[in-house]
Amino acid sequence: MKNNDRYDFRAIEKKWQQRWEEEKPNRVSEEPGRKKYYVLEMFPYPSGRIHMGHVRNYSIGDVIARYKRMQGFHVIHPMGWDAFGLPAENAALKRGIHPAAWTYDNIAYMRAQLKAMGLSYDWDRELATCNPKYYRWEQLLFLQMLEKGLVYRKETTVNWCNDCQTVLAREQVIDGACWRCDQPVEPKTMHGWFFRITDYADELLDDLDQLTGWPEKVVTMQRNWIGKSRGLACDFPLENSEGKLTIFTTRPDTIYGVTFMSLAPEHPLVQELIRGTEQEAEVQEFIRQTLVEKQRASVEDELEKKGVFTGAWCINPFNGERVPIYVANFVLMEYGTGAVMAVPAHDQRDFEFARKYNLPIRPVIQPQDTILDGTAMEAAWEGPGVLADSGPFTGMASGEARKAIIRHAEEQGFGRAQTTYRLRDWGISRQRYWGAPIPVIHCPSCGIVPVPEDELPVVLPGADSPDGSHAPLHQQESFYRTTCPSCGAEARRETDTMDTFVESSWYFARYTSPREENAPINREAAAYWLPVDQYIGGVEHAILHLLYSRFFTKVLRDLGYLQIDEPFTNLLTQGMVIKDGAKMSKSKGNVVDPSDLIEQYGADTVRLFSLFAAPPERDLEWNAAGVDGASRFLNRVYRLVRANLDCFGAGSVDGPNLDPASRRLYRKTHQTIARVTDSIESNFHFNTAISAIMELVNETGTLLAEHTIDRAVLREALETALLLLFPMVPHFCEEMWEITGHGEQIAAARWPTFDPEAAREDELTIVVQVNGKVRSRLQVAADISDEELKELAMADERVHKFTGGKAAKKIIVVKRKLVNIVV
RNA sequence: GCGAGAGUGGCGAAACUGGUAGACGCACUGGACUUAGGAUCCAGCGCACUUUGUGCAUGGGGGUUCAACUCCCCCCUCUCGCACCA
């Protein structure tokens with residue numbers, strides 16, 4: 001054997017992958033009484049090829065899965081495909097392939113790529129959401145939610161692209177134009193289906209407290225997204241009519257400071273108020289302009305506050321004052337009641353508006369140290385204070401006044417305490433082809449009729465033949481022409497498909513019984529495997545996917561399928577893979593193809609590097625040279641093992657009777673077990689785990705070069721290194737395990753146990769400081785007393801040099817660490 | 001603007017509840033072995049200087065402490081999320 005021998009990663013990885021394919025070692029089924037562990041990585045969209053982000057995500061998940069197996073857990077680790085979505089339709093248009101064919105081709109290719117990474121999935125659980133065997137259950141869930149009143153249809157304004165003939169999500173509208181065809185987007189009123197996620201707003205918010213295994217950041221983002229606020233809903237009677245204007249405010253304490261009202265341009269009352277008045281034309285023009293501006297505006301810019309007087313007035317029920325009603329461009333119809341009471345002295349937006357249109361600014365909350373004057377104020381005072389000019393509430397503290405004012409409004413009958421959420425119901429209608437059809441039928445006489453359960457699935461037409469139509473369903477007459485299941489009359493099938501986020505909201509539950517033919521989820525299987533113990537994915541899903549999944553979990557629980565409240569006990573949000581300081585992207589031309597790397601270095605090396613270069617939650621800077629380093633390390637281990645094959649016959653270690661060098665290696669081995677286990681347990685910091693193993697390997701090499709090492713100790717050191725490395729570089733470790741004469745696979749081995757006695761240091765290096773600066777070091781026995789240590793330190797030659805013979809004022813001894821002499 | 005996180009060698013990064021700053025790896029430098037080396041092995045590698053040593057160093061400035069990457073205050077920069085939510 002030459003000393004530059006390298007292991008044949010191609011042969012080895014192929015060999016073990018083949019064996020895993022045949023033996024299916026990761027196939028699992030429920031074993032009540034055995035402790036389960038569910039590891040899940042966010043499933044990929046089958047876009048064509050895997051990218052570095054996938055490599056990182058799945059490497060992390062695989063280490064956790066394999067590590068937990070070695071610790072005796074019964075591990076479920078599934079993989080599948082989030083297979084519906086717009087790119088398939090784009091590809092279909094561009095290349096004349098059917099979306100289904102494109103998707104399944106991609107899945108086949110990417111599955112092979114994942115298998116080439118040696119990931120330990122239970123492939124028997126694989127699922128693709130575009131398969132009718134999956135989405136039929138989603139359709140059933142939809143119907144059950146419909147029955148429970150959790151689904152409804154309503155008319156709303158959407159962003160419509162006339163060229164593409166579809167609704168666009170807000171993030172797909174760029175500067176008022178369609179992201180795909182660059183044509184102007186127009187508002188369009190149309191019917192759509194909604195999930196009543198707001199019914200669960202309180203529970204989604206409250207249960208965030210249970211998610212102690214989630215990053216604080218994600219919990220905060222969700223909390224803000226739900227945006228619960230408590231306040232007062234208050235009716236302001238209109239001056240010259242029977243009607244009233246209802247507003248929502250979180251600051252009822254400022255209600256005596258109201259000097260005008262602001263309505264959203266879309267507010268239905270506006271049209272009533274201006275009909276036939278002098279202001280009508282002006283207001284209509286303002287509304288038209290504002291809606292255009294809002295479409296145009298990119299998300300970042302805050303528009304200048306503008307408004308127009310409607311000519312109408314209402315009455316403040318607290319003090320009987322007349323209040324002018326404005327339409328304002330900054331009031332959102334979607335939040336609260338779409339109408340705001342304006343208190344310019346205590347709200348910055350109202351303040352700017354009032355200054356612009358010369359409306360009165362009346363302070364009614366006086367802060368502690370100054371007295372506000374409406375004419376002199378430069379900004380609104382939004383803090384707390386004492387009420388002024390507020391009728392019977394004058395003199396109260398603002399916090400207290402909030403409650404008193406709400407109580408008063410309730411007693412008088414013109415207001416009530418109200419809780420408002422920022423969260424909206426989830427619009428799931430898409431006018432696209434490549435999605436799960438919504439299973440209802442519109443009948444002219446019966447209205448909306450659910451498709452009978454025994455007629456599910458409503459299959460996407462054309463998906464089973466390569467040249468089948470993939471036009472949007474509303475253009476496929478043979479699809480939508482049907483008869484009413486209830487009365488038999490001619491009827492029309494719903495042609496909307498579901499948002500693809502619906503599929504990913506429950507796939508983790510379907511994985512527990514992916515072939516179940518009688519229900520969406522097998523209750524027993526779900527009860528055994530759920531919740532997911534560790535979920536891993538990019539932080540970009542912090543809100544939508546994770547919130548929807550939490551919502552679905554609660555719905556599935558209420559439908560009787562699940563017994564859990566939350567789907568993911570622990571969440572790891574991994575950082576991005578970047579190169580040259582930027583996220584990898586085609587447009588930047590800094591993409592590294594994982595398959596090329598695997599071809600060149602082998603999967604184990606690629607896995608090792610992606611785990612070593614940074615802790616998982618942080619961004620990972622890709623570095624080609626670093627991959628060489630990982631490869632070099634594995635080859636060093638390979639040579640070390642091959643050069644010492646003879647030690648693997650040795651027996652167990654006789655701890656107390658070792659020569660110093662062997663004792664050193666024995667100690668290092670156990671210290672390494674402790675460090676690696678800690679690094680994984682505390683926060684999955686594989687980078688430090690790997691460096692600890694590298695130290696062990698380096699130490700083994702160094703000691704072997706200079707000493708004769710006890711065979712048993714050496715065996716244990718090498719075996720330990722392989723066992724600790726196995727979750728990260730499985731092919732390599734299996735091969736090493738085999739060539740070192742182990743009959744069983746390393747996958748069947750247990751995670752090594754740490755022996756504190758073996759790891760104990762008998763000698764320590766103690767730092768000696770003078771006035772806090774390191775001046776000397778002492779080698780001492782580990783059990784030395786503080787007194788002895790002080791004496792040794794004071795007697796040290798180098799210490800004398802720095803104390804200059806002065807007496808010590810103070811001597812601090814930190815056990816096992818240092819002595820600091822203060823003079 | 002609001003919220004969260006992060007700033008440590010040429011680079012990726014370590015440092016447990018305050019206790020040797022820079023583990024481990026990359027790059028680099030010198031050497032060995034070689035027909036050769038982009039292989040392997042050995043040694044060096046924060047910066048500065050008057051180089052068997054000393055001083056200065058964890059974004060900047062203060063502070064607490066015998067001792068600060070770590071705790072407190074102020075400021076700067078970057079990343080991410082939210083952004084007229086009444």
Side-chain angles (χ1 to χ4, degrees), chain A residues 2-6 215-221 223-225 227-229 231 247-251 254 262 264 299-305 328-332 334-343 346-350 352-353 420-424 539-540 542-543 573 575-576 578 608-609 612-615 617-630 632-633 635-636 639 675 678-679 682 685 687-695 697-698 701 705 765-774 776-777 808-823:
Chain A
K2 288 187 297 186
N3 63 357
N4 58 0
D5 228 16
R6 320 191 72 171
E216 189 54 41
K217 174 186 166 126
V218 176
V219 172
T220 306
M221 282 167 71
R223 185 167 286 126
N224 294 341
W225 188 263
K228 179 176 183 170
S229 21
I247 57 95
F248 171 75
T249 180
T250 54
R251 292 295 305 274
T254 64
S262 308
V299 210
E300 304 92 60
D301 30 76
E302 191 165 306
L303 296 167
E304 191 199 348
K305 286 167 190 49
N329 66 344
F330 63 90
V331 180
L332 306 172
E334 313 87 78
Y335 183 78
T337 61
V340 185
M341 68 177 207
V343 185
H346 304 294
D347 182 288
Q348 187 57 29
R349 293 157 304 185
D350 298 341
E352 288 168 30
F353 194 90
T420 302
Y421 300 87
R422 185 181 174 280
L423 182 70
R424 315 276 157 66
V539 73
E540 65 274 18
I543 295 177
T573 50
M576 286 187 306
I578 57 180
L608 187 66
F609 177 73
F612 179 61
E617 70 280 2
R618 216 187 290 189
D619 284 349
L620 185 158
E621 171 75 32
W622 193 259
N623 174 317
V627 185
D628 280 317
R632 266 204 293 261
F633 170 68
N635 280 302
R636 205 153 63 232
R639 287 189 295 270
R675 281 176 63 189
D678 265 16
S679 293
S682 58
H685 278 198
N687 56 330
T688 51
I690 293 166
S691 62
I693 302 169
M694 286 173 166
E695 281 187 49
V697 170
N698 292 348
T765 304
I766 301 290
V767 166
V768 184
Q769 299 181 326
V770 176
N771 287 336
K773 295 203 171 192
V774 180
S776 183
R777 290 182 170 82
K809 276 192 211 143
K810 200 172 177 185
I811 302 176
I812 290 122
V813 178
V814 180
K815 285 228 173 325
R816 307 175 68 83
K817 293 252 158 85
L818 62 69
V819 178
N820 188 10
I821 298 162
V822 186
V823 294

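Order of the sequence lines sets the chain letters (A, B, ...), proteins ahead of strands, with each chain counted from 1.
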Is there a side-chain polar atom (N or O) of Arg422(A) under 4.0 Å from OP1 or OP2 of C82(B)?
no
Using only side-chain N and O atoms of Arg223(A), determine if any of them is under 4.0 Å from OP1 or OP2 of A4(B).
no
Proximal nucleotide (of G12(B), G19(B), A13(B)) relative to the Asn687(A) side chain:
A13(B)
Is there a side-chain polar atom (N or O) of Arg639(A) under 4.0 Å from OP1 or OP2 of A39(B)?
no
Distances for protein N/O vs nucleotides 52-56 of chain B N/O pairs under 3.5 angstrom?
from   : atom 1 : to        : atom 2 : distance (Å)
G55(B) : OP1    : Arg775(A) : NH2    : 3.3
G55(B) : OP2    : Arg775(A) : NH1    : 3.2
C56(B) : OP2    : Lys773(A) : NZ     : 2.8

Pairs under 3.5 Å (Watson-Crick or G-U), crossing ones as [ ], inter-strand ones as |: RNA chain B comes out as (((((((..(((......[....))).(((((.......))))).((((...))))..(((((..]....))))))))))))....
Would you indicate, yes or no, if C85(B) has its OP1 or OP2 atom less than 4.0 angstrom from a side-chain nitrogen or oxygen of Arg251(A)?
no
Does Arg636(A) get its side chain close enough to the base of U40(B), under 3.5 Å, for a donor-acceptor pair?
no
Please pick, from C85(B), G12(B), U20(B), the nucleotide with the shortest atom-to-atom distance to any side-chain atom of Tyr335(A).
C85(B)
Output the single nucleotide from G3(B), U20(B), C82(B) whose closest atom is nearest the side chain of Thr220(A).
G3(B)
Look at the side-chain N and O atoms of Arg618(A) and state whether any lies under 4.0 Å from the OP1 or OP2 oxygen of A14(B).
yes
List the atom pairs, with distances to 0.1 Å, where a side-chain N or O of residues 621-629 of chain A and a protein N or O form a donor-acceptor pair under 3.5 Å, not counting sequence neighbours.
from      : atom 1 : to        : atom 2 : distance (Å)
Glu621(A) : OE2    : Asp580(A) : N      : 3.1
Asn623(A) : OD1    : Ala625(A) : N      : 2.8
Asn623(A) : OD1    : Gly626(A) : N      : 2.7
Asp628(A) : OD1    : Tyr601(A) : OH     : 3.0

Between Thr688(A) and A13(B), does any side-chain N or O lie under 4.0 Å from OP1 or OP2?
no
Output the single nucleotide from C84(B), C82(B), A27(B) whose closest atom is nearest the side chain of Ala625(A).
A27(B)
So, OP1 or OP2 of U65(B): does either fall under 4.0 Å of a side-chain N or O from Asn820(A)?
no
Which of these nucleotides, A13(B), C24(B), C85(B), is closest to any side-chain atom of Asn698(A)?
C24(B)
Return no unless some side-chain N or O of Lys217(A) is found under 4.0 Å from OP1 or OP2 of G5(B).
no
